[in-house]
Amino acid sequence: LTNGRGTPPGPAREPEAPVAVAPPPKREAIAITATQLFNDYTANEVAADEKYKGQLLLVSGSISAIDKDFLNHVIVRLRSPNEFMPVDAKLDDSERSKAGSLAKGQSVRLLCQGRGRLIGRPQLVDCVGQ
């Protein structure tokens, strides 16, 4: 049985009202130096992950190198107390054009997401200059 319009007879359905969705709360960034981040991971990786992994971090430091990874992402390496183990900050793709103006030894502030530690190096992703 249909009502002539291809739908079964019955009470008319009212369109559902859109559900208001609140925007996620803004997270405060944790301000930290690259040196302190490195030292915290060296002292206790588990505690550092609890504090920094997945968090928004405002990291300041001095550039030791500007490289690209195997997927062509720009990686800014920040000096740490161990010259062979910098803090790796992968820039957001929107920052690629700015990477050409960076220089070794330059001080930077980057807003990033903490990603833990890989082979002794603290990892930061989705970084944008501040």
Side-chain angles (χ1 to χ4, degrees):
L1 286 183
T2 64
N3 62 6
R5 289 180 287 184
T7 58
R13 290 189 175 164
E14 301 234 357
E16 292 184 26
V19 177
V21 177
K26 283 199 168 191
R27 297 185 300 168
E28 278 296 313
I30 299 169
I32 190 166
T33 65
T35 296
Q36 186 61 52
L37 185 65
F38 182 88
N39 287 341
D40 286 355
Y41 268 99
T42 299
N44 184 330
E45 183 175 359
V46 174
D49 270 352
E50 287 291 319
K51 190 171 183 180
Y52 306 120
K53 193 171 185 178
Q55 298 299 314
L56 194 58
L57 305 175
L58 181 59
V59 181
S60 56
S62 176
I63 297 174
S64 64
I66 303 110
D67 298 319
K68 288 194 262 181
D69 68 8
F70 67 98
L71 292 174
N72 210 32
H73 297 120
V74 177
I75 308 294
V76 174
R77 303 199 195 279
L78 302 174
R79 290 191 198 287
S80 78
N82 181 334
E83 69 178 293
F84 303 107
M85 294 286 192
V87 173
D88 292 341
K90 183 172 91 172
L91 296 186
D92 187 83
D93 287 340
S94 66
E95 299 286 295
R96 179 177 286 279
S97 62
K98 296 177 189 174
S101 66
L102 298 175
K104 285 173 93 172
Q106 179 180 348
S107 293
V108 292
R109 285 178 11 140
L110 301 171
L111 186 64
C112 308
Q113 181 177 340
R115 189 49 68 85
R117 186 166 79 161
L118 180 66
I119 313 173
R121 297 176 175 198
Q123 302 293 300
L124 304 167
V125 296
D126 302 328
C127 298
V128 293
Q130 295 296 294

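Note that this is a predicted model, so its numbers are computed, not measured.
- For the pair Ser80 (side chain) and Val87 (backbone), a donor-acceptor distance under 3.5 Å is absent.
- A donor-acceptor contact shorter than 3.5 Å links the side chain of Glu95 to the backbone of Gly129.
- Between the side chains of Ser94 and Asp92, at least one donor N or O sits under 3.5 Å from an acceptor N or O.
- Contact check for Arg109 versus Leu58: side-chain heavy atoms found under the 4.5 Å cut-off.
- You'll find the side chain of Leu37 reaches within 4.5 Å of the side chain of Leu124, heavy atoms only.
- The CG atom of Leu118 sits 11.5 Å away from the OH atom of Tyr41 when rounded to the nearest 0.5 Å.
- For the pair Asp67/Asp88, no side-chain contact is recorded, criterion being any heavy-atom separation below 4.5 Å from C-beta on.
- Annotation: the span from Phe38 atom CZ to Asn82 atom CG amounts to 4.5 Å, rounded to 0.5 Å.
- Using a 4.5 Å heavy-atom threshold, the side chains of Thr33 and Ser60 count as touching.
- The closest side-chain heavy-atom distance from Asp40 to Ile32 is below 4.5 Å.
- At a threshold of 4.5 Å between side-chain heavy atoms, the hydrophobic network of Ile, Leu, Val, Met, Phe, Trp and Tyr places Leu78 and Val128 in two separate groups.
- Of all heavy-atom pairs between Arg115 and Val125, the closest is NH2-CG2, 3.5 Å.
- Listed here is the closest heavy atom pair of Ala89 and Leu110: CB-CD1, 3.8 Å.
- Within the structure, every pair that satisfies the salt bridge (charged side-chain N to carboxylate O under 4.0 Å, His left out) test and touches residues 42-65, not counting sequence neighbours, is listed here: Glu45-Arg117.
- Linking Ile, Leu, Val, Met, Phe, Trp and Tyr residues whenever their side-chain heavy atoms come within less than 4.5 Å places Ile66 and Met85 in a single cluster.
- Lys90 is not listed as a side-chain neighbour of Cys127, based on a closest heavy-atom distance of 4.5 Å or more.
- Taking hydrophobic clusters as Ile, Leu, Val, Met, Phe, Trp and Tyr residues chained together by side-chain heavy-atom distances below 4.5 Å, Val74 shares a cluster with Leu102.
- For the atom pair SG (Cys112) and CD (Gln130), the distance works out to 9.0 Å, reported to the nearest 0.5 Å.
- Lys104 and Ser64 make their closest contact through CE-O, 3.0 Å (heavy atoms, listed as atom of the first residue, atom of the second, distance).
- Ile30 and Val59 fall within the same hydrophobic cluster, where Ile, Leu, Val, Met, Phe, Trp and Tyr residues are linked whenever their side-chain heavy atoms come under 4.5 Å apart, directly or through other members.
- Contact of the His73 side chain with the Asp93 side chain is registered, since non-hydrogen atoms from C-beta on lie closer than 4.5 Å.
- Grouping the Ile, Leu, Val, Met, Phe, Trp and Tyr side chains by contacts below 4.5 angstrom, directly or via other members, places Leu111 apart from Val108.
- Val46 approaches Asn44 most closely through the heavy-atom pair N-OD1, 3.0 Å.
- Nearest heavy atoms, Lys98 versus Ser101: O-OG, 2.8 Å.
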